[in-house]
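Structure first, then comments.
The figures here come from the full heavy-atom set of this structure, side chains too, leaving out hydrogens, waters and symmetry mates. Owing to the predicted nature of the structure, the values given are computational and were not obtained by experimental measurement.
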Amino acid sequence: MPIKPSARVSALAAFSLRVANVWPHALRACTLAVCSLLTAVPALAQSTTQFTYQGELNSGGTPVSGSHDMRFSLWTAATGGSQAGTTICVDNASVTNGLFTIPLDFGAAAIQTQPRFLQIEVRSDATPGNCNAGSFTTLSPRQSLTSAPFAANTRGLTVTPDGKVGLGGATPDRGLTMLGGVNIRDSANQGIFVLTDSLEIANVATEDAIYRYEAIPLDRHTFFSSASPSLVLDASGRVGLGLQVPEAPVHFRSLINRPGYVRLQGSRQFSSSSSPNGPRTAATVVAATNTEATWSNTDSARVVDGVNAVGTLTAQAFANVEAPSLTFSGFGFAIPANRTIVGIGVEVFTNNTLAYACAQSSSATVQVTPRSGSTVGTPLATNTLLTGTSQVVVGGQGQVFGTTWTPALVNSANFGISLVMQSNCSVTIQTPFGDGSVPCSCPPTGQFRVDGVRVTVYTSTSGVATESFNWSMGYSPGQSTFALAPTADLSNAAMSVTTDGRVGIGVVPDGTTPVSTRLLIAGTVQCSSLIETSTERFKTDVAAMESPLDAVLALRPVQFRWDAAHGGQRDIGLLAEQVREVVPELVASGAKGEATGLNYGRVGVLAVGAIQSQQRTIEAQRLELQALASKNADLAARLERLEAALRQLEAERGDAPRTK
């Protein structure tokens with residue numbers, strides 16, 4: 001029976017729509033006059049947004065057959081609302097014994113997670129190509145979409161019979177297989193929480209591992225490069241570079257055909273420590289005036305010398321008293337323009353005689369304000385000043401009084417310090433509205449005295465300095481040394497250690513200067529003391545040196561200039577080749593037997609032997625001289641006795657005295 005548009009209500013009463021689930025395990029009959037069942041498309045159409053509408057159309061309880069035009073549209077509400085997406089018109093849909101199947105595709109934009117209701121319009125028609133012309137009967141009510149068509153939002157999802165899931169068109173071979181990138185946005189700041197015993201990230205082209213986490217049994221993180229481990233972090237906190245199992249807190253080795261070294265490169269920023277300029281005294285002092293106090297002898301406040309500028313207070317009833325300001329200037333700073341002002345310190349030397357006529361709350365304040373022309377800092381005050389001699393310190397390193405001071409401002413002649421002295425007296429009163437404070441009825445009297453002001457300005461280098469560094473350390477290719485160098489590679493080693501434990505500072509021990517010593521230093525060594533191993537327990541075949549004085553006398557001290565490779569400076573010393581001819585034990589030799597160094601410490605031992613030998617000779621000569629002196633004294637005494645006997649004989653004979 002054809003549907004008559006003019007008889008909409010009767011047509012609705014005459015027609016009924018019976019729909020059934022296409023899934024083989026379910027078959028339901030609808031009890032509504034018009035109803036629908038929407039089912040998911042089979043997996044073969046998984047990449048589309050298409051779903052299927054299938055049902056049975058009856059007229060007066062009798063299934064109908066033939067061609068019918070059907071229009072389908074999606075709406076946001078069961079009644080009213082707005083249309084979502086386009087209208088789909090199916091021309092000459094085939095209905096057989098009331099049964100029909102219509103594929104529908106409104107697109108992804110229309111099928112969202114918000115509620116959607118399907119509106120159906122129908123008419124009997126066999127004329128091709130006129131689907132959107134003419135009138136249709138709208139069936140009521142609209143049908144709410146079930147979860148099956150909402151599954152179209154998971155287009156690109158594949159689920160195998162054994163429960164494996166594929167995303168992005170991937171054929172699942174694991175619990176979840178995915179093609180394409182992943183974008184996770186955590187607007188709620190809840191983070192991502194993953195529970196897993198293993199995790200691997202691989203290259204999409206080669207399937208080689210890039211990162212792998214193994215919880216069992218190793219609890220280890222491994223990063224790969226060209227399928228080889230490049231960085232490993234194990235459960236004990238050991239880090240391995242270029243190896244699979246680190247055996248030390250940091251363990252690395254070179255990869256094939258690559259030198260194994262570590263490079264540290266970058267820059268650091270720093271500020272130099274601040275330095276003080278001052279303290280300096282002012283060249284001029286200028287006093288302001290007011291009715292509460294006046295200053296006298298102001299020029300004496302320039303220097304701390306015991307001579308004071310005096311401000312005499314005049315009591316003002318019910319008022320705090322403030323002495324007019326003193327402005328100190330002309331400090332004569334000459335701070336370089338490339339310095340930054342990082343602090344200003346002010347010292348005020350006072351000797352005050354203040355008296356309060358009552359015991360009400362009172363204090364005295366010193367307020368300091370740096371100024372330079374139109375630039376004025378934030379005042380800083382201290383109320384430690386009461387009576388007697390005081391040194392009040394305001395500001396200092398790190399305090400700039402809230403102002404960016406430049407060297408030009410501080411160096412100018414009008415840079416100065418404004419000093420204000422205040423005496424405050426107040427009393428707390430109680431009112432129905434709470435406690436309050438009013439000026440004293442007995443303000444202080446007396447004098448503020450200033451004996452000098454000194455200013456210190458602290459500066460640092462301008463801005464923040466940047467220092468670059470580029471160091472490397474590792475195993476030198478082609479040399480059996482482990483080196484540390486202030487360069488990007490190891491070509492200019494500052495320190496190196498050979499495999500047999502020899503150390504070079506400024507030179508490679510087994511490079512261009514092969515030596516047999518444990519320590520080789522290219523340059524001067526300075527230390528407060530040097531102790532060498534020396535004990536009888538470690539020595540055998542001990543014997544006195546033979547002719548150490550002859551050996552010392554055979555040495556030939558020379559003046560010379562080092563070649564460019566060893567500094568180029570003038571020096572004095574001995575030639576190892578010449579010393580080896582005299583005392584070979586003092587000379588160090590290279591791998592080929594060539595003289596490479598001289599043990600100057602052992603030269604001192606040789607000198608001790610020579611001095612002792614020479615001292616023995618001197619002692620023998622001293623004893624010999626002593627014996628000769630004793631013999632000479634004995635001969636002199638004998639001669640004196642002979643001369644005395646001769647003079648007596650001559651006297652007895654009456655001979656004239658002889659002169660000596």
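Considering CZ of R302 and CZ of F328, their distance stands at 10.5 Å, rounded to 0.5 Å. Summarising the geometry, atom CZ belonging to R449 is positioned 11.0 Å from atom OG1 belonging to T350; distances are rounded to the nearest 0.5 Å. Taking OG of S472 as the start and CG of L484 as the end, the distance is 7.5 Å to the nearest 0.5 Å. For the atom pair CD (Q367) and CE (M421), the distance works out to 11.5 Å, reported to the nearest 0.5 Å. Rounding to the nearest 0.5 angstrom, the gap separating the CD1 atom in I417 from the OG1 atom in T369 is 8.0 Å. Distance check: F333 CZ to N277 CG gives 5.5 Å after rounding to the nearest 0.5 Å.
The backbone N or O of F223 lies less than 3.5 Å from a partner atom in the side chain of S230, making a donor-acceptor pair. A distance-only check finds no donor-acceptor pair linking the side chain of D208 to the backbone of N203 [under 3.5 Å]. In this structure, N297 contributes its side chain and A309 its backbone to no donor-acceptor pair below 3.5 Å. Side chain of N599 to main chain of G601: a donor-acceptor pair is present (N/O by atom type, distance under 3.5 Å, no hydrogens or angles). The backbone N or O of H221 sits nowhere less than 3.5 Å from a side-chain atom of Y211 that would complete a donor-acceptor pair. For the pair S412 (side chain) and L409 (backbone), a donor-acceptor distance under 3.5 Å is present. Not a single donor-acceptor pair under 3.5 Å links the side chain of T284 to the backbone N or O of G330. Between the side chain of R280 and the main chain of R454, no donor-acceptor pair closer than 3.5 Å is present. Of the possible donor and acceptor atoms, none in the side chain of W562 sits under 3.5 Å from a partner among the backbone N and O of R570. Judged by distance alone, with hydrogens and angles left aside, the side-chain atoms of R238 form a donor-acceptor pair with the main-chain N or O of P246 at under 3.5 Å.
For S325 against S418, the heavy-atom pair with the smallest separation is CB-OG, 3.8 Å. Heavy atoms only, all atoms of each residue included: T365 and A381 are closest at CG2-CB, 3.7 Å. Counting all heavy atoms, side chain and backbone alike, A209 lies closest to R212 at CB-NH2, 3.7 Å. The two residues W295 and A287 make their nearest non-hydrogen contact at CB-CB, 3.9 Å. For the residue pair G343 and V400, the shortest heavy atom distance occurs at N-CG1, 3.7 Å. Shortest non-hydrogen contact noted between A485 and A493 is CB-CA, 3.8 Å.
For the 3.5 Å distance criterion, the side chains of N414 and S329 fail to qualify, holding no donor opposite an acceptor. Counted by atom type alone, T481 and R502 present zero donor-acceptor pairs between their side chains at under 3.5 Å.
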Apply side chain to side chain contact (heavy atoms under 4.5 Å, CB included) to the pair V603 and V579, showing each step before the final yes or no. CA-CA 10 Å; V603 174; V579 174; 6.0 Å; no
Test log, rule side chain to side chain contact (heavy atoms under 4.5 Å, CB included), inputs V457 and I341: CA-CA 7 Å; V457 178; I341 310 300; 3.9 Å; yes
Let me see the working for T403 and V376 under side chain to side chain contact (heavy atoms under 4.5 Å, CB included), right down to the final yes or no. CA-CA 8 Å; T403 302; V376 180; over 6 Å; no
Please lay out, stage by stage, how L419 and V450 fare under the test side chain to side chain contact (heavy atoms under 4.5 Å, CB included). CA-CA 10 Å; L419 180 67; V450 179; 4.0 Å; yes
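Considering only heavy atoms from C-beta on, I505 stays 4.5 Å or farther from L520 through its side chain. Between V304 and T281, every side-chain heavy-atom pair lies at or beyond the 4.5 Å cut-off. Residues Y458 and V342 are in side-chain contact: their nearest non-hydrogen atoms beyond the backbone lie under 4.5 Å apart. Using a 4.5 Å cut-off on side-chain heavy atoms (C-beta onward), V348 and V368 make contact. Side-chain contact between F482 and T498 is absent, with no heavy-atom pair separated by less than 4.5 Å. In this structure the side chain of V245 never reaches within 4.5 angstrom of the side chain of V232, judged on heavy atoms. Inter-residue side-chain proximity for V455 and I344 is flagged as met; some heavy-atom pair is nearer than 4.5 Å. Annotation: side chain of P557 is in contact with side chain of L574 (closest heavy-atom distance under 4.5 Å).
Screening T196, D219, T222 for a side chain to side chain donor-acceptor pair (under 3.5 Å) with Y213, the sole residue that qualifies is D219.
Around the CD atom of Q569, the shell of radius 6.0 Å holds more than 12 heavy atoms that belong to other residues, nucleotides or ligands.
The aromatic rings of F415 and W405 sit perpendicular, their planes meeting at an angle over 60°, well past the 30° parallel limit.
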